Amino acid sequence: MYSGAGDTAMVAQRKLVMLKTLMEELELFTMQHSIYSYFKSSFLRYSELEEDLFSQLYEAVSFLNFLQTHNISTSSAPYGFWSVLPDETILHIFSYFEEKDLNTVGLLNKKYNSLAEDDQLWKRLYGTKWNRADKKKLVRELSKTKCRRSSNSSSS
C-alpha cells in the first residue's frame with residue numbers, strides 16, 4: 001500500500017543528497033578559483049531551500065509511517081494528520097475555539113464547515129440553542145463588523 005510512496009520518498013532523498021554533494025563541489029570550486037563572492041548569495045539561498053526540502057521530506061515520510069502504522073489508506077488522508085481524526089475528536093478540539101476561530105476554520109473545507117456549525121459548539125459559546133438561520137445571520141454580522149473594523153483601521 002505504501003511501497004510506491006515510500007520508494008518515491010527514498011528516491012527524492014537520494015536525489016537531494018546528490019544535489020547537495022554537487023552544490024558542495026561547486027562551492028569548493030568557486031572558493032578555489034576566487035569567485036565565491038560572486039555566488040555567495042546563491043549558495044546561501046540554495047542552502048535554505050535544501051533545508052526546507054529535507055524538512056518537508058521528513059514530514060512526508062513521518063506522515064506515511066503514521067498512516068502505515070495505523071493501517072490507513074493514503075487516499076483517505078488527503079489533508080494530513082487532521083484528515084484521519086474522527087469527527088468526534090475534531091469537534092472536541094473545536095470546542096476550545098471562540099466564535100471567530102470557528103468561523104475561520106469553517107472556511108477551510110466543507111468537512112470543517114459542517115463540523116464548525118455543530119449546535120453544541122455554538123450552544124457552549126452562547127448558552128442557548130441556535131438554529132442554522134440564526135447562526136448564519138450571526139456569522140454575516142460578525143463578518144460585516146470585522147470588515148468595518150478592518151476598513152476603519154486601514155483608513156486611519
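One is the number of the first residue; the rest follow in order along the sequence. Everything numeric in this text was worked out from a predicted model, so none of it was measured.
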Worksheet, complete the sentence: Hits for ring pair (Phe, Tyr, Trp, His ring centres under 6.0 Å) against Tyr58, two or more places apart or cross-chain, chain-then-number order -> none
Practice prompt. Please assess Leu26 against Phe39 for the test side chain to side chain contact (heavy atoms under 4.5 Å, CB included), listing each intermediate value before the final yes or no.
Written response: CA-CA 10 Å; Leu26 183 58; Phe39 298 99; over 6 Å; no
Response to the item:
Tyr96 meets the ring pair (Phe, Tyr, Trp, His ring centres under 6.0 Å) criterion, sequence neighbours left out, with His92
Worksheet entry | Residues forming a side-chain contact (heavy atoms from CB on, under 4.5 Å) with Glu50, sequence neighbours excluded | Lys20, Tyr46, Phe54
Worksheet entry | Residues that Asp101 engages under salt bridge (charged side-chain N to carboxylate O under 4.0 Å, His left out), provided they are two or more places apart | none
Response to the item:
Residues at least two apart in sequence or cross-chain that pass salt bridge (charged side-chain N to carboxylate O under 4.0 Å, His left out) with Lys111, listed by chain then number, are Asp87
Worksheet item: Excluding sequence neighbours, so at least two apart, what forms side chain to side chain donor-acceptor pair (under 3.5 Å) with Tyr36?
Response: Glu27
Fill in: Single-linkage hydrophobic cluster Leu53~Phe43, side-chain heavy atoms < 4.5 angstrom
no
Worksheet item: Hey, does Asp118 have a side-chain heavy atom less than 4.5 Å from the side chain of Leu102?
Response: no
Worksheet item: Where do Trp122 and Asn103 come nearest, in terms of heavy atoms and distance?
Response: CH2-OD1, 3.7 Å
Discussion item. Going by side-chain contact (heavy atoms from CB on, under 4.5 Å), name the residues that satisfy it together with Leu28, two or more places apart in sequence or in a different chain.
Written reply: Gln32
Practice prompt. Could you list the residues that satisfy side-chain contact (heavy atoms from CB on, under 4.5 Å) with Leu108, not counting sequence neighbours?
Written response: Val105, Tyr112
Worksheet item: So, does Thr21 use its side chain to make a donor-acceptor pair with the main chain of Val17 at under 3.5 Å?
Response: yes
Response to the item:
Taken in chain and number order and not counting sequence neighbours, the residues that satisfy side-chain contact (heavy atoms from CB on, under 4.5 Å) with Ser42 are Arg45
Worksheet item: Would you find a donor on one side and an acceptor on the other, under 3.5 Å apart, between the side chain of Thr69 and the backbone of Asn65?
Response: yes
